Peer 1: 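One structure is given below, represented as structure tokens, and several questions about it will come after.
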Amino acid sequence: MHKGVKVTVVGGVFAVMVGGAGYGAYNLVNGVTGGGGSSASGPRTVKAGPPTSGEIRGTTEKFFASWAEGDAERAGGYTNNAEVASKLLTGFREDAHLTKVKLTPGRATGATVPFSVEATVSYKGKTKPFSYDSELTVVRGETTGRALVDWDPSVVHPDLKRDDTLETGEAAAPPIQAVDRHGRALDKKDFPSLGPVLDQLRAKYGDQVGGTPGVELYVRHADENAGTETLLTLTKGRAGRLRTTLSASAQRAAEKAVARHADSSVVAVQPSSGEVLAVANHRQDQFNAALNGKLAPGSTMKIVSAAMLIDKGVTKASGPAPCPDTAVWQGRRIVNLPGLAPDENATLSDSFARSCNTAFVKLVDEDGVTDESLPEEARNGFGLGLDWKVGVPTNDGSVPASAGGERAESIIGQGKVLMNPLNMASVTATAMTGAFRQPVIVDPSLDDRQLAEAHGLPSSTVRQLRQMMNRTAVSGTGAPAMSGLSGSIGAKTGSAEVYGQDKPNSWFTGYREDVAAAAVVEKGGHGGDAAGPIVAAVLAAGS
């Protein structure tokens with residue numbers, strides 16, 4: 001429980017610098033003239049079109065002045081969502097206890113104005129400076145014609161999303177000292193990509209590992225799964241020690257690898273245990289796509305599809321899987337990646353290693369294959385779509401029954417099939433061992449949570465999958481990325497087409513000894529080009 005006491009602002013300061021935005025320089029200490037942006041009574045012409053530079057300047061100045069003074073209602077009146085804006089700005093003062101506010105605009109780019117915020121957090125005799133950068137955009141009001149701040153919570157702080165709040169008080173949970181599987185410390189400074197995961201672990205396990213809460217300024221996310229996000233610590237609490245399954249060396253390699261590409265994510269797991277070794281994202285939006293993403297996995301899904309075809313007796317690794325130029329099934333025309341030569345004599349192993357789409361589509365109509373065949377294989381063999389209890393919130397894969405032409409799309413990882421790197425790393429781990437071991441990031445004995453269970457795969461299917469994945473890594477589409485790795489290796493590439501994108505999403509999953517990893521790079525192109533080197537770097541680091 002939080003124990004904040006509401007106070008009012010004693011005084012505000014608003015400073016505008018002379019410079020790129022062309023704003024006049026002045027300081028506001030004791031108020032502003034005018035109120036809430038209200039217009040004079042009487043008939044008037046409603047303006048249209050983009051706001052002018054003068055309107056952008058005027059609206060921004062009035063909004064900043066009202067915010068700095070602590071007049072949330074007036075500041076909200078300069079936005080296009082006055083009620084919501086006023087509520088959050090009131091919380092800025094009364095719940096977050098932020099005073100002595102100074103707002104400094106930077107150079108405007110069109111209607112967007114970047115600005116810096118300097119303030120003081122004051123709570124129960126403790127004070128501390130707090131500063132950050134944000135931005136706003138001025139738009140034309142649809143009904144009023146006025147120039148207004150286009151309201152978004154990120155205007156108040158860039159980490160705020162819809163219905164989030166800023167608060168100062170006793171922390172929602174005690175701090176934790178997270179350590180890896182070898183006892184090495186894990187923190188946001190050394191492993192910034194772990195930030196969301198560490199916040200979630202603290203929210204869930206902080207009370208269980210012996211810590212005591214401090215006093216903090218934090219974001220309370222409306223999404224309870226996201227926990228709280230500490231922005232500033234006024235009084236330190238005592239951290240409890242939480243052992244995770246992560247590996248500092250694998251995590252370091254993962255963070256370095258994803259830094260090569262925007263919108264990239266990777267996860268590594270230990271197949272023999274299901275323990276998560278690394279989770280890394282490189283994204284501007286801070287979304288944990290590695291664990292919570294939902295994207296078509298492209299041809300990496302052929303691991304599950306191949307298992308289904310083998311288990312149904314349709315074919316086997318050495319059995320026929322012809323690879324024509326095109327395949328049409330119930331209205332869906334499927335083609336291969338450019339440059340892939342047809343091979344009417346191909347085996348399943350050939351078509352898997354070359355990632356031939358048409359070969360898999362041609363087999364989707366064989367006797368014994370139904371709309372439920374792929375979902376059943378995904379669920380019963382690989383544990384996909386079950387309620388995983390990892391220790392932090394995750395999306396656990398979706399392979400719905402697909403009728404008609406969608407069945408052809410699903411078998412090559414398109415259509416309604418949705419995955420993330422955690423799901424595909426687990427798929428690879430299951431293909432390696434034959435046993436589905438639900439991924440975990442903390443030991444389930446800590447909170448007695450029940451892990452998901454699945455039947456796994458027959459030993460003959462595992463043997464064939466490993467042979468095909470090894471061939472892909474050694475001489476198939478995964479070979480360029482995996483060429484520097486020794487030992488027992490395997491891989492599968494994927495290129496997932498997304499409507500409206502000029503390049504497909506790049507997917508890659510692979511294993512080396514007792515480590516399995518999967519990565520996605522949005523708009524990264526071919527799976528081996530962008531995602532492949534990320535996975536290879538993580539596999540090289542080991543556990």
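Quick caveat: nothing in here was measured; it's all calculated off a predicted structure.
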Peer 1: Could you tell me whether a side-chain N or O of Ser483 sits under 3.5 Å from a main-chain N or O of Pro480, the two making a donor and an acceptor?
Peer 2: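 Yes, the answer is positive, given that a donor and an acceptor are paired below the 3.5 Å cut-off.
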
Peer 1: Report the distance from atom OG1 of Thr245 to atom CD of Glu275, rounding to the nearest 0.5 Å.
Peer 2: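 Output value for this atom pair is 5.5 Å.
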
Peer 1: How close do Gly293 and Asn395 get, counting heavy atoms only, and between which atoms?
Peer 2: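 Here Gly293 and Asn395 meet closest at O-CB, 4.0 Å.
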
Peer 1: Is a side-chain donor-acceptor pair under 3.5 Å present for Ser249 with Ser247?
Peer 2: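 Yes, a side-chain donor-acceptor pair sits under 3.5 Å.
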
Peer 1: Which value, rounded to the nearest 0.5 Å, describes the distance between Gln286 atom CD and Ser193 atom OG?
Peer 2: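 Rounded to the nearest 0.5 Å, the CD-OG separation comes to 8.5 Å.
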
Peer 1: Does the pair Thr79 and Asn81 meet the rule for a side chain to side chain donor-acceptor pair (under 3.5 Å), with working shown?
Peer 2: CA-CA 5 Å; Thr79 76; Asn81 198 339; over 6 Å; no

Peer 1: With rounding to the nearest 0.5 Å, note down the distance linking NZ in Lys100 to CG in Leu98.
Peer 2: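 Interatomic distance, Lys100 NZ to Leu98 CG, rounded to 0.5 Å: 12.5 Å.
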
Peer 1: Of Val521, Asp529, Val520, which is the lone residue that meets side chain to side chain contact (heavy atoms under 4.5 Å, CB included) with His261?
Peer 2: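 Looking at Val521, Asp529, Val520, the match for His261 under the side chain to side chain contact (heavy atoms under 4.5 Å, CB included) is Val521.
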
Peer 1: List the steps and the verdict of side-chain contact (heavy atoms from CB on, under 4.5 Å) for Val276 and Leu422.
Peer 2: CA-CA 9 Å; Val276 177; Leu422 173 68; 4.3 Å; yes

Peer 1: Decide if atom CD of Glu453 counts as having more than 12 heavy atoms of other residues, nucleotides or ligands within a radius under 6.0 Å.
Peer 2: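 It does not: Glu453 CD has 12 such atoms or fewer within range.
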
Peer 1: Okay, side chain of Thr244, backbone of Leu246: is any donor-acceptor separation there less than 3.5 Å?
Peer 2: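 Such a contact is found between Thr244 side chain and Leu246 backbone.
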
Peer 1: When you compare the side chain of Asp199 with that of His221, does any pair of heavy atoms fall below 4.5 Å?
Peer 2: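 Answer no - side chains too far apart.
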
Peer 1: Step by step, work out the side chain to side chain donor-acceptor pair (under 3.5 Å) result for Thr137 and Thr112.
Peer 2: CA-CA 4 Å; Thr137 300; Thr112 299; 3.0 Å; yes

Peer 1: Is there side-chain contact between Glu255 and Leu194, with heavy atoms separated by less than 4.5 Å?
Peer 2: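 Side chain of Glu255 against side chain of Leu194, heavy atoms only: contact under 4.5 Å found.
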
Peer 1: Identify whether the distance between the nearest side-chain nitrogen and carboxylate oxygen of Asp180 and Arg243 falls below 4.0 Å.
Peer 2: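 Salt bridge absent between Asp180 and Arg243.
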
Peer 1: Over all heavy atoms of both residues, which pair between Ala429 and Val269 is shortest? Give the atoms and the distance, please.
Peer 2: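 What the structure gives for the nearest pair is CB-CG2, 4.0 Å.
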
Peer 1: Take Lys204 and Asp447, measure what salt bridge (charged side-chain N to carboxylate O under 4.0 Å, His left out) needs, and give me the verdict at the end.
Peer 2: CA-CA 10 Å; Lys204 186 168 184 178; Asp447 52 354; 3.8 Å; yes

Peer 1: What's the shortest heavy-atom distance between Met419 and Pro297, and which atoms?
Peer 2: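 Smallest interatomic distance, heavy atoms only, reads CG-CG, 3.6 Å.
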
Peer 1: Please say whether more than 12 non-hydrogen atoms of neighbouring residues, nucleotides or ligands are located less than 6.0 Å from CZ in Arg260.
Peer 2: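 Enclosed.
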
Peer 1: side-chain contact (heavy atoms from CB on, under 4.5 Å), that's the test. Do Asn281 and Phe287 meet it? Break it down for me.
Peer 2: CA-CA 8 Å; Asn281 297 281; Phe287 176 58; over 6 Å; no

Peer 1: Walk me through whether Tyr205 and Gln208 qualify under side-chain contact (heavy atoms from CB on, under 4.5 Å).
Peer 2: CA-CA 5 Å; Tyr205 298 106; Gln208 299 183 37; 4.0 Å; yes

Peer 1: Decide if the gap between the ring center of Trp67 and the ring center of Phe92 is smaller than 6.0 angstrom.
Peer 2: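 They qualify: ring centres under 6.0 Å apart.
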
Peer 1: How long is the gap from CD on Glu170 to OG1 on Thr212, to the nearest 0.5 Å?
Peer 2: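 With rounding to 0.5 Å, CD (Glu170) is 9.0 Å from OG1 (Thr212).
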
Peer 1: Donor-acceptor pair, His182 side chain versus Arg184 backbone, under 3.5 Å?
Peer 2: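 Not a single qualifying donor-acceptor pair exists.
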
Peer 1: For atom NZ of Lys523, is the number of surrounding heavy atoms from other residues, nucleotides or ligands below 6.0 Å larger than 12?
Peer 2: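 Result for NZ/Lys523: open.
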
Peer 1: So, does Arg241 use its side chain to make a donor-acceptor pair with the main chain of Val179 at under 3.5 Å?
Peer 2: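 Not at all, since once roles are kept as given, no pair shorter than 3.5 Å links the two residues.
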
Peer 1: Please test Asp514 against Ser272 for side chain to side chain donor-acceptor pair (under 3.5 Å), starting from the C-alpha separation and ending with a verdict.
Peer 2: CA-CA 7 Å; Asp514 198 20; Ser272 63; 2.6 Å; yes

Peer 1: When you check the side-chain N and O atoms of Lys102 and Ser131, is any donor under 3.5 Å from an acceptor?
Peer 2: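 Side-chain D/A pair, Lys102 to Ser131: absent.
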
Peer 1: Are more than 12 heavy atoms, taken from residues, nucleotides or ligands other than His455, located less than 6.0 Å from that residue's NE2 atom?
Peer 2: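 No, because the 6.0 Å sphere around NE2 of His455 holds 12 heavy atoms or fewer from other groups.
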
Peer 1: Are any non-hydrogen side-chain atoms of Ile176 and Leu201 less than 4.5 angstrom apart?
Peer 2: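 Side chain of Ile176 against side chain of Leu201, heavy atoms only: contact under 4.5 Å found.
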
Peer 1: Donor-acceptor pair, distance only, cut-off 3.5 Å: does the side chain of Lys128 make one with the backbone of Ser122?
Peer 2: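 No; judged by distance alone, with no hydrogens or angles, the pair does not exist.
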
Peer 1: Under 4.5 Å between any side-chain heavy atoms of Arg220 and Asp164, yes or no?
Peer 2: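 No. Closest side-chain heavy atoms not under 4.5 Å.
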
Peer 1: Decide yes or no for Leu386 and Leu384: does some side-chain heavy atom of the first lie under 4.5 Å from some side-chain heavy atom of the second?
Peer 2: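 No - every pair of side-chain heavy atoms lies 4.5 Å or more apart.
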
Peer 1: For a ring-ring contact (aromatic ring centres under 6.0 Å, His included) check, start with the C-alpha distance between Phe436 and Phe382, then their side-chain angles and the critical distance, and finish with the verdict.
Peer 2: CA-CA 6 Å; Phe436 168 68; Phe382 294 87; 8.8 Å; no

Peer 1: Between the side chains of Arg202 and Thr230, does any donor sit under 3.5 Å from an acceptor?
Peer 2: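 Checked: Arg202/Thr230 side chains pair up, N/O donor to acceptor below 3.5 Å.
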
Peer 1: Would you indicate whether the side-chain heavy atoms of Leu291 and Pro393 approach each other to under 4.5 Å?
Peer 2: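 Answer no - side chains too far apart.
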
Peer 1: Could you tell me the separation between the CD atom of Glu167 and the CG atom of Leu231, rounded to the nearest 0.5 Å?
Peer 2: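 Result: 11.0 Å between the selected atoms.
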
Peer 1: Looking at every non-hydrogen atom in both residues, tell me the closest pair between Pro533 and Gly528 and how far apart they are.
Peer 2: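 Pro533 and Gly528 have their closest heavy atoms at CD-O, 3.4 Å.
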
Peer 1: Is the shortest heavy-atom distance from the side chain of Leu160 to the side chain of Leu166 under 4.5 Å?
Peer 2: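 Yes. Closest side-chain heavy atoms under 4.5 Å.
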
Peer 1: Quiz question: by atom type and distance under 3.5 Å, do the side chains of Ser299 and Lys302 form a donor-acceptor pair?
Peer 2: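 Judged by distance alone, the side chains do pair up.
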
Peer 1: Ignoring hydrogens, what is the shortest heavy-atom contact between Gly510 and Thr428? Give both atom names and the distance.
Peer 2: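 So the two residues come closest at O-CG2, 3.7 Å.
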
Peer 1: Just do the side chain to side chain donor-acceptor pair (under 3.5 Å) check on Gln270 and Arg181 with the steps written out, would you?
Peer 2: CA-CA 12 Å; Gln270 185 177 55; Arg181 61 200 299 110; 3.2 Å; yes

Peer 1: Between OG1 of Thr168 and CZ of Phe130, what distance do you get to the nearest 0.5 Å?
Peer 2: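 Atom-to-atom, Thr168:OG1 and Phe130:CZ are 8.5 Å apart.
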
Peer 1: Hey, are Asp285 and Arg283 close enough for a salt bridge, meaning a charged N less than 4.0 Å from a carboxylate O?
Peer 2: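 Here Asp285 pairs with Arg283 in a salt bridge, since their nearest N and O are under 4.0 Å apart.
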
Peer 1: Can you name the nearest heavy-atom pair linking Ala425 to Ala518, along with the distance?
Peer 2: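 Between these two residues, the closest heavy atoms are N-CB, 3.5 Å.
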
Peer 1: Does some side-chain heavy atom of Ile489 sit less than 4.5 Å from a side-chain heavy atom of Asn470?
Peer 2: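 Asn470 reaches Ile489 side chain to side chain.
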
Peer 1: Can you list every pair that meets side chain to side chain donor-acceptor pair (under 3.5 Å) and has a residue in residues 378-393, with sequence neighbours left out?
Peer 2: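 Qualifying pairs, neighbours excluded: Asp387-Lys389.
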
Peer 1: Tell me if a side-chain donor or acceptor on Ser264 pairs with a main-chain N or O of Val258 at a distance below 3.5 Å.
Peer 2: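 Side chain of Ser264 to backbone of Val258: a pair is present.
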
Peer 1: Go through the steps to decide whether Leu465 and Leu457 satisfy the test side-chain contact (heavy atoms from CB on, under 4.5 Å), and finish with yes or no.
Peer 2: CA-CA 10 Å; Leu465 289 177; Leu457 304 173; 3.8 Å; yes

Peer 1: Checking the side chain of Ser495 only, and the main-chain atoms of Gly527 only, is there a donor and an acceptor separated by less than 3.5 Å?
Peer 2: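 Side chain of Ser495 to backbone of Gly527, a donor-acceptor pair under 3.5 Å: yes, one is there.
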
